[in-house]
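Any value given below was found using the heavy atoms of this structure, including those in side chains, with hydrogens, waters and symmetry copies removed. Just so we're on the same page: letters track the sequence lines, and every chain starts at 1.
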Protein chains: 2
Amino acid sequence: MHAQPGRSVTSKVLALLDSFTPASPALTLSELARRAEIPLPTASRRVAELVAWGALERGADGRYRIGLRLWEVGSLAPRGLGLRELALPTMEDLYEVTHENVQLAVRQDLELVFIERIAGRHAVPVLTRVGGRFALHATGVGLVLLAYAPTEVQEQTLAAPLERWTELTITDPGRLRRALAEVRRTGYAVSDRQVTMDALSVAAPIRGPDGSVVAAISLVVAHDRADPVALAPLVQAAGRTISRALGTPVRAAATSHVTPLPPVT
Amino acid sequence: MHAQPGRSVTSKVLALLDSFTPASPALTLSELARRAEIPLPTASRRVAELVAWGALERGADGRYRIGLRLWEVGSLAPRGLGLRELALPTMEDLYEVTHENVQLAVRQDLELVFIERIAGRHAVPVLTRVGGRFALHATGVGLVLLAYAPTEVQEQTLAAPLERWTELTITDPGRLRRALAEVRRTGYAVSDRQVTMDALSVAAPIRGPDGSVVAAISLVVAHDRADPVALAPLVQAAGRTISRALGTPVRAAATSHVTPLPPVT
């Protein structure tokens, strides 16, 4: 364990919160101290303060978990629950007319975060979890978010190794660059068996009031019964409805010309 | 502004997060400093650390908002998104067969917090917000959570003034005490126009693996087309389905005898 005496108290508190992951949502005090790289006595004091406020809760098993108070505060994030509340009626409509999986995601740094998901009972299984992260270059929502991301985000993604999930995942930077240009040209993205060999997703952008792409919505369907060209207008229309709910002036023109396209990098 | 030099850094960081509310989700730095009762230079440093980590985000308008990173960490709260993920399929089923409002809530101290809500398009309007709080003594879910709460929570609620929303809100401690005993006897709660004069809710408990009541689920319907006695088994069955999803051994006996009743206080 490194004591790192130079770290600020704030960074230690945040490191304690950072210790929790979807794979390890319950931790003992010593696990917390080790993961946050904080000496045990210090960790003990900080954790007690976090429990008193409600950021952490201590279970009957002695393990600590993220507390409801932190969930409440987190629910005030405009890019989280705020976006979700505005998008949900449209997502439900899309689900009603297709009975397929509907997903909503935003970009955080070089990854996407799933904000909401409606899972079709009889639809193709998807592995996403609300609050879970995924790479940008494979899923439909990821391709949309990457296609409209700032140039430096695209360049960083293209410069890093592109992880492969299936034989159809795009891992060649040149091919990915052309795929992103195609997304900007058509106004939607198709990921055909690029994450699992049974699923295809069609995604479209959601724009904020300033016209920038702030989120993406997708339908995920079994690839053998999917017609991406038929699904695209449905998903694009949903994206435009949610953009309007966000206060975005949406023009009647073609989706791909709603706002000036970013330069093709 | 009080400087309060004795306060710990942790408490100051948490006070900054506490400054955000549903009514004020975007704050300037000076508003943050004033609400958290921290001197401006200190607030500035702490806020910069919170922004760097992603707990706060600074908008184009210069105001700070809760960041997506905090929403992500909050989504790991077992009593928040974890419960919601397990409950959602059952809530959707309940919605499909009724097309009425379905709500899920947990108790936090002397209030309830709404974890999820499916709002019927043509159902009676409800004012709840996911992540929002409400008093325990008026709604159906609140009456369930209060009926099965520890004795000290019941006594604190009964000792405090009971806020009135309609002429039918129970504000007399003796009547509320009898209503809670009735909830424990029948295994469900009915709030008939006790929050708004057009709505009635029927709620049932959700139990954790140790048999204790950890949440409540309700249907909220227009009071003039509602038959609480007919709705109760539907809501109770949903509560039991979710309890089972939580890993609770649910007996085949009557709902009100699933676990020993708490003493009537």
Chemist: Which donor-acceptor pairs under 3.5 Å do the side chains of residues 106-115 of chain A make with protein atoms, sequence neighbours left out?
Modeler:
residue: A:R107; atom: NH1; partner: A:D109; partner atom: O; Å: 2.8
residue: A:Q108; atom: OE1; partner: A:R79; partner atom: NH2; Å: 2.6
residue: A:E111; atom: OE1; partner: A:R133; partner atom: NH1; Å: 2.9

Chemist: Is it the side chain or the backbone of A:R45 that comes within 4.5 Å of chain B heavy atoms, both, or neither?
Modeler: neither
Chemist: On a heavy-atom basis, which atom in B:A77 and which in A:W71 lie closest, and how many Å separate them?
Modeler: CB-CB, 3.9 Å
Chemist: Any side-chain heavy atom of A:E92 sitting closer than 4.5 Å to one from B:E92?
Modeler: no
Chemist: Please identify, among B:G82, B:A52, B:S11, B:P22, the residue contributing the most non-hydrogen atom pairs under 4.5 Å to chain A.
Modeler: B:P22
Chemist: Just give me the residue among B:L68, B:V130, B:V73 that pairs up with chain A most often, heavy atom to heavy atom, under 4.5 Å.
Modeler: B:L68
Chemist: At a heavy-atom distance under 4.5 Å, which candidate from B:L76, B:L17, B:L70 has the highest pair count against chain A?
Modeler: B:L76
Chemist: Spell out the residues in residues 54-66 of chain A that have some non-hydrogen atom less than 4.5 Å away from a non-hydrogen atom of chain B, in order of number; otherwise answer 'none'.
Modeler: A:E57, A:R65, A:I66
Chemist: For chain B, which of A:A26, A:P78, A:P25 has the most heavy-atom pairs under 4.5 Å?
Modeler: A:P78
Chemist: Name the option with the most non-hydrogen atom pairs under 4.5 Å to chain B; the candidates are A:G67, A:G132, A:S75, A:G74.
Modeler: A:G74
Chemist: Of B:L50, B:T10, B:V9, which is the lone residue that meets side chain to side chain contact (heavy atoms under 4.5 Å, CB included) with A:V13?
Modeler: B:T10
Chemist: Do NZ/NE/NH1/NH2 and the carboxylate oxygens of B:R7 and A:E49 come within less than 4.0 Å?
Modeler: no
